[in-house]
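Computed from a prediction, not measured in an experiment: that's the story for all the values here. The figures here come from the full heavy-atom set of this structure, side chains too, leaving out hydrogens, waters and symmetry mates. Chain naming here is simple, since letters A, B, ... match the order of the sequence lines and numbering starts at 1 in each.
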2 protein chains.
Amino acid sequence: MVRMTEQRRVIYEILSREAWHPTVDELFLEAKKSLPRISQATVYRNIEALIQDDLATKIVGLNGPARFEKTKAPHAHFECRSCGAIKDIFIDTECINSIMDNKEIQQCATETIVVKLLGLCQVCRETNI
Amino acid sequence: MVRMTEQRRVIYEILSREAWHPTVDELFLEAKKSLPRISQATVYRNIEALIQDDLATKIVGLNGPARFEKTKAPHAHFECRSCGAIKDIFIDTECINSIMDNKEIQQCATETIVVKLLGLCQVCRETNI
DNA sequence: CTTGCAAATGATAACAGTTATCGTTAAGGT
DNA sequence: ACCTTAACGATAACTGTTATCATTTGCAAG
């Protein structure tokens with residue numbers, strides 16, 4: 001049976017911060033502030049459990065470690081191809097619906113749609129020139 | 001200066017097969033059939049070079065190794081959340097355009113849009129029940 | 001030709017991110 | 001208070017990828 005432990009509660013609370021798409025390392029460092037003895041393995045385990053319960057979502061980028069976010073209403077992600085930062089983009093539900101209105105997609109038993117925009121974030125545009 | 005070597009030519013030829021989204025391992029095993037002495041490092045190097053030349057595209061899944069495809073007209077991918085298999089989905093250009101018609105996206109200097117559908121492929125649906 | 005040079009290769013070590021293992025801790029029920 | 005068992009912390013093992021380096025290859029100038 002699954003317990004809502006202090007560790008999981010803390011990880012979920014960190015994940016719930018706005019505009020925050022932390023990696024496991026970032027979650028770990030944040031969690032240590034309130035739970036100094038927490039292990040990185042615990043972060044991996046609990047983020048996985050939160051995903052199973054559909055409270056968290058995994059975001060994979062082209063490079064680097066996975067990022068995570070609190071599960072929320074469907075939206076898109078802008079991913080910086082240089083630093084990997086993620087920014088939420090709220091796109092019109094109409095757009096999603098029009099994509100899903102496709103015979104091939106419906107035949108495939110699609111459960112989730114992921115829309116990602118790739119480019120250079122403003123920070124990298126300003127520093128990398 | 002960059003040479004179009006025999007190894008790169010073979011890797012690109014393998015990548016060009018229809019409905020084929022191989023991993024580095026799969027490319028390596030295929031390439032060995034015509035170049036028995038090829039090294040896995042060469043596959044990594046050449047796939048990277050093909051990506052730089054925009055002849056190949058990297059596809060990252062939720063788990064497992066990256067997959068690759070020959071660069072072609074914009075399309076979507078169906079990804080099986082169980083086996084990681086990729087299937088090309090040809091969606092209406094209208095849908096892409098309607099997503100890109102978004103102030104936030106345009107401000108972000110978006111270069112590429114990736115649309116992914118997640119679900120269980122037919123093989124996994126039939127075997128994993 | 002053959003010599004010289006730069007780029008690419010093959011082999012393999014190193015690295016990063018993640019998952020598995022295992023002995024210990026602690027929460028919740030009886 | 002005790003018992004059971006899920007979860008924990010520490011760390012080893014594993015997987016996918018990148019870096020290193022000595023060797024080979026292909027082109028070009030002599």
Side-chain angles (χ1 to χ4, degrees), chain A residues 1-15 21-53 55-69 79 81-86, chain B residues 1-15 21-53 55-69 79 81-86:
Chain A
M1 203 222 175
V2 180
R3 286 180 193 147
M4 176 53 72
T5 62
E6 182 65 6
Q7 285 88 341
R8 184 172 309 175
R9 205 191 51 69
V10 166
I11 289 167
Y12 184 63
E13 178 268 311
I14 294 168
L15 208 60
H21 303 85
T23 63
V24 162
D25 260 29
E26 289 166 345
L27 285 169
F28 174 57
L29 292 175
E30 278 303 306
K32 271 219 282 208
K33 292 180 182 172
S34 45
L35 301 171
R37 298 189 39 73
I38 197 171
S39 153
Q40 202 158 15
T42 299
V43 180
Y44 275 104
R45 267 190 298 252
N46 279 304
I47 198 73
E48 182 56 35
L50 290 169
I51 289 170
Q52 296 306 335
D53 294 350
L55 293 172
T57 304
K58 184 177 184 175
I59 310 167
V60 290
L62 281 178
N63 315 287
R67 293 177 175 275
F68 301 89
E69 67 182 348
E79 175 190 337
R81 64 170 157 80
S82 177
C83 71
I86 301 284
Chain B
M1 200 218 179
V2 179
R3 286 179 194 147
M4 176 51 72
T5 62
E6 183 65 6
Q7 286 88 340
R8 182 173 309 176
R9 205 191 51 69
V10 166
I11 289 167
Y12 184 63
E13 179 267 309
I14 294 167
L15 208 60
H21 303 85
T23 63
V24 162
D25 261 29
E26 289 166 347
L27 284 169
F28 174 57
L29 291 175
E30 278 303 305
K32 271 218 282 207
K33 291 181 182 171
S34 43
L35 302 171
R37 297 187 42 71
I38 197 172
S39 152
Q40 203 158 16
T42 300
V43 180
Y44 274 103
R45 267 190 298 252
N46 279 306
I47 197 72
E48 183 57 34
L50 290 169
I51 290 170
Q52 296 306 334
D53 294 350
L55 294 171
T57 305
K58 184 176 184 176
I59 310 166
V60 290
L62 281 179
N63 314 286
R67 293 175 176 274
F68 302 89
E69 68 181 346
E79 175 191 337
R81 65 170 156 79
S82 176
C83 70
I86 301 283

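- With dG26(D), dA27(C), dA20(C) as the candidates, the nucleotide lying closest to the side chain of R3(B) is dG26(D).
- In this structure E48(B) satisfies the side-chain hydrogen bond (donor to acceptor under 3.5 Å, both in side chains) test together with Q52(B), sequence neighbours excluded.
- Annotation: side chain of I59(B) is not in contact with side chain of E79(B) (no heavy-atom distance under 4.5 Å).
- Taking only side-chain nitrogens and oxygens, Q40(B) never comes nearer than 4.0 Å to OP1 or OP2 of dT9(C).
- Side chains of K58(A) and N63(B) form a contact here, defined as non-hydrogen atoms less than 4.5 Å apart.
- Rounded to a whole Å, the CD atom of E26(B) is 16 Å from the P atom of dT15(D).
- Residue N46(A) places at least one side-chain N or O under 4.0 Å from the OP1 or OP2 atom of dC8(D).
- In terms of phosphate contacts, S39(B) brings no side-chain nitrogen or oxygen within less than 4.0 Å of OP1 or OP2 of dT9(C).
- R45(B) comes within contact range of at least one nucleobase, with a heavy-atom separation under 4.0 Å.
- The distance between atom CD of E6(A) and atom P of dG9(D), rounded to the nearest whole Å, is 11 Å.
- In this entry the distance linking OH of Y12(A) with C1' of dA7(D) reads 20 Å, nearest Å.
- Listed pair T5(A) / dA26(C) fails the phosphate criterion, with no side-chain N or O lying under 4.0 Å from OP1 or OP2.
- OP1 or OP2 of dT18(C) has at least one side-chain nitrogen or oxygen of Y44(A) nearer than 4.0 Å.
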### Task
Given side chain to side chain contact (heavy atoms under 4.5 Å, CB included), test F68(A) with V24(A) step by step and report yes or no.
CA-CA 8 Å; F68(A) 301 89; V24(A) 162; 3.7 Å; yes

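- For I38(B) and dT12(C), the CD1 to C1' distance is 16 Å, given to the nearest whole Å.
- Put simply, CZ on R9(A) is 15 Å from C1' on dA27(C), counting in whole angstrom units.
- Note on residues 22-36 of chain B: pairs passing salt bridge (charged side-chain N to carboxylate O under 4.0 Å, His left out), not counting sequence neighbours, are R17(B)-E30(B), E26(B)-R67(B), E30(B)-K33(B).
- The distance from atom CD1 of I11(B) to atom P of dA8(C) is 13 Å, rounded to the nearest whole Å.
- For the pair R37(B) CZ and dA8(C) C1', the computed distance is 14 Å after rounding to whole Å.
- Take the nearest nucleotide of DNA chain C for N63(B) and for R8(B): the residue whose nucleotide is more 5' is R8(B).
- Here dG17(C) presents its P atom at 14 Å from CG of L27(A), a figure rounded to the nearest Å.
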